[in-house]
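This report concerns only the one structure given below.
Below, each value reflects all heavy atoms present in this structure, side chains not excepted, and no hydrogens, waters or symmetry copies. Just so you know, ligand 1 is whichever comes first in the structure, and atom 1 is the first atom listed for that ligand.
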Amino acid sequence: MHKLMSEDLQGLSDRQLRARRRRLAATVERLETALPGSLVWQGRRCSSAGCRCRRGELHGPYLYLALYVGGRNRTLYVPAGLEAVVADYVAVTERNDAAREEIARINVELLRRRALG
Ligand SMILES: [Zn+2]
């Protein structure tokens with residue numbers, strides 16, 4: 001569903017906002033797959049002093065999940081066998097989060113009009 005900004009939402013009637021909210025809620029799926037963060041490919045240095053990675057030829061690239069948890073950034077290694085699963089979880093989470101954020105903007109607009117409920 002094409003995403004509407006708050007300014008665009010102001011141009012819709014109460015009825016249109018409620019219909020849009022209902023359609024958005026129906027797109028939310030598979031909440032059990034919630035996994036925040038973004039996927040990044042990174043090269044790595046190992047611990048061997050004489051290794052080619054010390055001259056800039058990094059190992060990999062390997063896939064990592066970049067996360068913000070507990071007030072700090074972390075990267076979590078994604079094993080090769082889990083790349084497809086993790087990519088699917090992250091994609092579903094992004095879509096669900098986008099739908100929830102737009103529903104929240106609609107509810108703010110409805111509250112502003114005293115039309116929530
Ligand atoms: Zn190395």
**Study point:** Side-chain heavy atoms of E109 within contact of L17, under 4.5 Å
**Key:**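 Yes, at least one pair of side-chain atoms sits under 4.5 Å.
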
Point to revise | Close side-chain approach of R44 and C53, heavy atoms under 4.5 Å | key: no

Review point. Got a sec, which residues hit side chain to side chain donor-acceptor pair (under 3.5 Å) with S47, two or more places apart in sequence or on another chain?
Key: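 With sequence neighbours excluded, S47 shows a side chain to side chain donor-acceptor pair (under 3.5 Å) to no residue whatsoever.
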
Practice item. Only counting residues at least two apart or in another chain, list the ones meeting side chain to side chain donor-acceptor pair (under 3.5 Å) with R18. Key: none

Point to revise | Count of N, O or S atoms belonging to protein, less than 2.8 Å from the Zn ion (ligand 1) | key: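 Total protein N/O/S atoms under 2.8 Å from the Zn ion (ligand 1): 4.
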
Study note, to complete from the structure: Applying ring pair (Phe, Tyr, Trp, His ring centres under 6.0 Å) to Y77 and not counting sequence neighbours gives Y64

Check your understanding: For the hydrophobic clusters of this structure (ILVMFWY residues joined by side-chain heavy atoms under 4.5 Å, transitively), does one cluster hold both V85 and W41?
Key -> yes

